[in-house]
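To keep things clear, I will list the structure first and then write my remarks on it.
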Amino acid sequence: MTANRLAESLLALSQQEELVDLPKDYLLSGSEDEGDNDGEREHQKLLEAISSLDGKNRRKLAERSEASLKVSEFNVSSEGSGEKLVLADLLEPVKTSSSLATVKKQLNRVKSKKTVELPLNKEEIERARTPLEQEIFNLLHKNKQPVADPLLTPVEKASLQAMSLEEAKMRRAELQRARALQSYYEAKARREKKIKSKKYHKVVKKGKAKKALKEFEQLRKVNPAAALEELEKIEKARMMERMSLKHQNSGKWAKSKAIMAKYDLEARQAMQEQLAKNKELTQKLQVASESEEEEGGTEEKVEELLVPDVVNEVQMNADGPNPWMLRSCTSDTKEAATQEDPEQLPEPEAHEVSESEGEDRPVAEEEILLREFEERRSLRKRSELSQDAEPAGSQETKDSSSQEVLSELRVLSQKLKENDQSRKQKASSEGTIPQVQREEPATEEEEPLLLQRPERVQTLEELEELGKEECFQNKELPRPVLEGQQSERTPNNRPDAPKEKKKKEQMIDLQNLLTTQSPSVKSLAVPTIEELEDEEERNQRQMIKEAFAGDDVIRDFLKEKREAVEASKPKDVDLTLPGWGEWGGVGLKPSAKKRRRFLIKAPEGPPRKDKNLPNVIINEKRNIHTAAHQVRVLPYPFTHHWQFERTIQTPIGSTWNTQRAFQKLTTPKVVTKPGHIINPIKAEDVGYRSSSRSDLSVIQRNPKRITTRHKKQLKKSSVD
Amino acid sequence: METAPKPGSDVPPKKDKLQTKRKKPRRYWEEETVPTTDGASPGPPCNKKNRGPQRPKNAHILKKSRISKKPQVPKKPREWKNPESQRSLSGAQDPFPGPAPVPVEVVQKFCRIDKSRKLPRSKAKTRSRLEVAEAEEEETSIKAARSELLLAEEPGFLEGEDGEDTAKICQADIVEAVDIASAAKHFDLNLRQFGPYRLNYSRTGRHLAFGGRRGHVAALDWVTKKLMCEINVMEAVRDIRFLHSEALLAVAQNRWLHIYDNQGIELHCIRRCDRVTRLEFLPFHFLLATASETGFLTYLDVSVGKIVAALNARAGRLDVMSQNPYNAVIHLGHSNGTVSLWSPAMKEPLAKILCHRGGVRAVAVDSTGTYMATSGLDHQLKIFDLRGTYQPLSTRTLPHGAGHLAFSQRGLLVAGMGDVVNIWAGQGKASPPSLEQPYLTHRLSGPVHGLQFCPFEDVLGVGHSGGITSMLVPGAGEPNFDGLESNPYRSRKQRQEWEVKALLEKVPAELICLDPRALAEVDVISLEQGKKERIERLGYDPEAKAPFQPKPKQKGRSSTASLVKRKRKVMDEEHRDKVRQSLQQQQQQQKEAKAKSTGARPSALDRFVR
């Protein structure tokens, strides 16, 4: 019976595809059944959506007609509010005609069916992408599981053939136990993880590290090759650490400690410890080919940091030991690697298949779990029985121990990578082909670039730029980017074009100016030298021509003028801070947008005086010595400097004027004579108003005498 | 800049004459003597209200009456004239009453206010000031024009009979034709021993200094032929020049610059000016400009003996130099065909002009600072306009190219080509020499090495390898000299007096710039800066237009609503003005655009053109 069941399950396993198909079919049919019921509602929605397309209230809130889960306080029902109009809905007939239903069904079925899958390239399968995959492959390989095809293992075949009821029961019990143990273990781990005492964790960590070290020592004695591999892993952890720049005093904890360190001895110590650790971790190992290693490391790092994960995934997965690192290491490791390689070869296929089998997952997992436990148990037993007895270099021990060492030594780095790994795991668990396909072109795009470029590409922008540059180099590639670039450049070029033209014109002008054939003077007395030696003169002229053939005076002058113009132009102020708000460093330029934003354009100065004079450079600099003698404050009644300038344009010196005019222009306003008393000013001296006042004062002095006659006189005088 | 003409023997002005003309203004020291005639307004007639409007009116009439081409307009002066002055002692009528009229163009020559620029609207007070300034200008220019009468001498010139070319007239003919005094001005000095000569006339034109390349230096009163000094400096002499007076002589020798007095005593050896090739003296600034082989242009202030500026021209060896007498800018010619203009105030050239394709051989600037003549290795002679455009006005190719150029005071241009000198003349003083026909030519006994027109004489001095030739060029020199400025007949005492005055009027070196009239302009940049600073300091713009504040009115018309209404009214009016203005501008622009686009107007059929 059990056999029957098993067979059934296996059968089901083999018919996986159909199983996958089934639910979809079912769903489809179900939806079609419901189609009639929902048809009207959908139609209604469609109408609403269409009506809401015009007018201002495009996002008209749907009325609530039914009970829904989401109840917002702003609108009664959230249903339909976020729904979008799909083109397919519009294309559909309002009512599904029954005659077409069958055809549609068929079509849908065809559509839902996956395309024929070509066997993947071997190379691609060979690649174990994630560490998890690797592990799985390792396991599969170790246990001689079939990799290429989901067929039964020899053991399974045997068990299938000869498995009694008892055996089955035992197996079940064992499974149960394993599960229980696993749960216990997990619970324990969780509990331990929850312990908040830092000291405890520290102690545990230290212990683990010590243990790992000890094991490593042991391993070195026993199996040097494995130890080397281990060493490599440690090195890699160190590298990760170096990259991550953790353990410096930039973390939250470190910062808090730094504050405390002033007062707290312990904190200071802790800080120092951390710094020491950082030093230790970041210290480079002395390897023969240092530069190579460095390069490889940095390159990987660069990719990791800056290129999106999807692009990098393959590289990340394939990492294992870095190929550069491999080469740099001793031949032993190389051999080991080569040994490993053929072993690994068949595995990925199985993995791929197992991925593709979505349904079979639980079963396979069980198997793996069981096997793992068995291994672990045996290991424990062995270690308990005889510690120094041969670990036999078994790969299992190595694997597990290596796992532990890794986990201990690169806790931090793993944390860093946790996100990535989880994502990758998810991807692998989903294991859908489209994703793989999606990955492929990306890598294809990426790889040539990475291989070709001589300098390091550090940001995505630069990467794009690189692409653009390449496009520029080979112009055949019709890319939108290229067009964009060109369109960007053309406006830059455009103002240049007329300038050049203008300059050309200028050039022509200048040429004309200097080379026009001027009529020669007919002189009666020609210089004797010329008369005597006519051919010699011609020779000399020729010589002069030759001598001045080389230096183009005009071009030099134009160049000089251009430089002078450039120098006199007001300079733009660039306030961009490289590295502010974005990545900075050597070879990194702030983005164009940022530069544009922080560029203060200098106002256009007045046109140059020599703008239209091609053969002249006029210095536009201000002569401050002269300016010191100029008037810099406008005197009172003038509001514009032109007005004032008019009044001072006439010279008053005797050099420019006749004697009389000069004297007249320079007569003082007030002329005094020595030896004469200047009496204080009297009221009568200054016009009628003050004279009337004086009269008033007279009046005030003897007010009795005031008469009408006097008044009249006063008036008269005032009129005068 | 036109200076007022002065008579040859300047008469000291008579002060009493000045005062007799107008009614004497009453002075405070004369108060006791003048009896107060009218009791009601005993004050002097300088009543502000009365006087103010009268004055410009006066000037107005002056303008109409005095400047006229017609002999006399009899009506207006009579209006203007006082009745008392009309009467003469004998009782006879003056047939030409009033001052003599002045031709407009002569007056125009002395007018300096630039009226081409339209002023912004000004206040009444400002306007009155402007009017006063204009009236003053007119008055002074009329006076200057009237005193042109005192310029008794007229320039001479050669005029060929019809068809005769003046260039064919040789020196011997001229000497034969002129009076004995003038004929004596033509002479040759045969100095074959000490190589080609450079020469220089003093500013008064009375003295001549020359230096041969082989060390012969001499100075003489060339009119009387009285030798002042003659020495051999035992060193190559590159150039020689009088300083401000004939008493001092600067000689550019092989190593250093030396200064001698008129007795040949070496006063200074200026070692900071070494390997000087050319010398130029700026008389009003007391600056000796030296161009050296090392490429430096050095300004030496001879009044204090300090080097004002040493400018590196960055153009290699300098051996072509001349000064612009109008603005004291030094022109240097370079081997790359450019002429650069220098001032001691600037480290860089004020301007650079590309003149020739080959190197520049000679540069000369005329006395008004309007024209510059250059000749280059490309055998061309060009005359450039220096009034802002720097474009060649005329160009001629000379058979051998001119090695030396010089302008006379009246604008004649001489070019030394090999052993021949050519002289070109223009139409008048302010016109460029026309290169069509040479005015005079002369052949010398050796190649020309130095050229200069003698000031105030129709004489051209030519230094050549055979010595010195003084030839007669009619119409070269200014016939009238300013007795106070450069008097050829001055005594020693007068010279000393003049020296003191000139030193007192010395122009600072930093005032040298391309446009000397720019000094009479306001420094706009500092002005703006000052304004900005003031606004910043005060926190508001004191010159900004105050916002409209409606006047308070009575009888309930000053209610808040009406106040707001009035304010709004003004605001709207302003807004409308603005809009109107902008509309007008737009229309103008559109018009302009239309005017431009009419040339290639698209037709309706263009759409079918493929």
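These values consider heavy atoms only, across backbone and side chains, with no hydrogens, waters or symmetry-generated copies. Order of the sequence lines fixes the chain letters, A, B, ..., with proteins taken first and strands second; residue numbering starts at 1 for each chain.
- Contact of B:E134 with chain A is made through the side chain alone, with heavy-atom distances under 4.5 Å.
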Counting only pairs under 3.5 Å, give me each side-chain donor-acceptor contact of residues 344-352 of chain B, with atom names and distances, residues two or more places apart or in other chains.
{"residue": "B:E348", "atom": "OE1", "partner": "A:K621", "partner atom": "NZ", "Å": "3.1"}
{"residue": "B:K352", "atom": "NZ", "partner": "A:E560", "partner atom": "OE2", "Å": "2.3"}

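- Side-chain atoms of B:S122 and A:H640 include no donor-acceptor pair closer than 3.5 Å.
- The parts of A:L634 that come within reach of chain B are both its backbone and its side chain, each placing non-hydrogen atoms under 4.5 angstrom from that chain.
- Most heavy-atom pairs under 4.5 Å with chain A, from the set B:T338, B:L514, B:L381, B:T389: that is B:T389.
- The parts of B:K115 that come within reach of chain A are both its backbone and its side chain, each placing non-hydrogen atoms under 4.5 angstrom from that chain.
- When heavy atoms are compared at a cutoff of 4.5 Å, B:V339 does not approach chain A at all.
- Only the backbone of B:R121 comes within less than 4.5 Å of a heavy atom in chain A; its side chain stays farther off.
- Judged purely by atom type and a 3.5 angstrom limit, B:Q380 has no side-chain atom pairing as donor or acceptor with the backbone of B:G376.
- Taking A:F638 as the reference, A:F644 meet the ring-ring contact (aromatic ring centres under 6.0 Å, His included) condition, with sequence neighbours excluded.
- If you check the side chains of A:N623 and B:E510, you find no donor sitting under 3.5 Å from an acceptor.
- For B:L341, no part lies near chain A; criterion is any non-hydrogen pair under 4.5 Å.
- Counting heavy-atom pairs under 4.5 Å between each of B:V522, B:T140, B:L511, B:N336 and chain A puts B:V522 at the top.
- Contact count versus chain A (heavy atoms, under 4.5 Å) is highest, among B:I353, B:D114, B:L119, for B:L119.
- Between A:E604 and A:K569 there is no salt bridge, since none of the side-chain N atoms of the basic residue sits less than 4.0 Å from a carboxylate O of the acidic one.
- Both the backbone and the side chain of A:H641 have a heavy atom closer than 4.5 Å to some heavy atom of chain B.
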Walk me through it: do A:N657 and A:Q663 pass the test side-chain hydrogen bond (donor to acceptor under 3.5 Å, both in side chains)?
CA-CA 9 Å; A:N657 288 307; A:Q663 276 174 343; over 6 Å; no
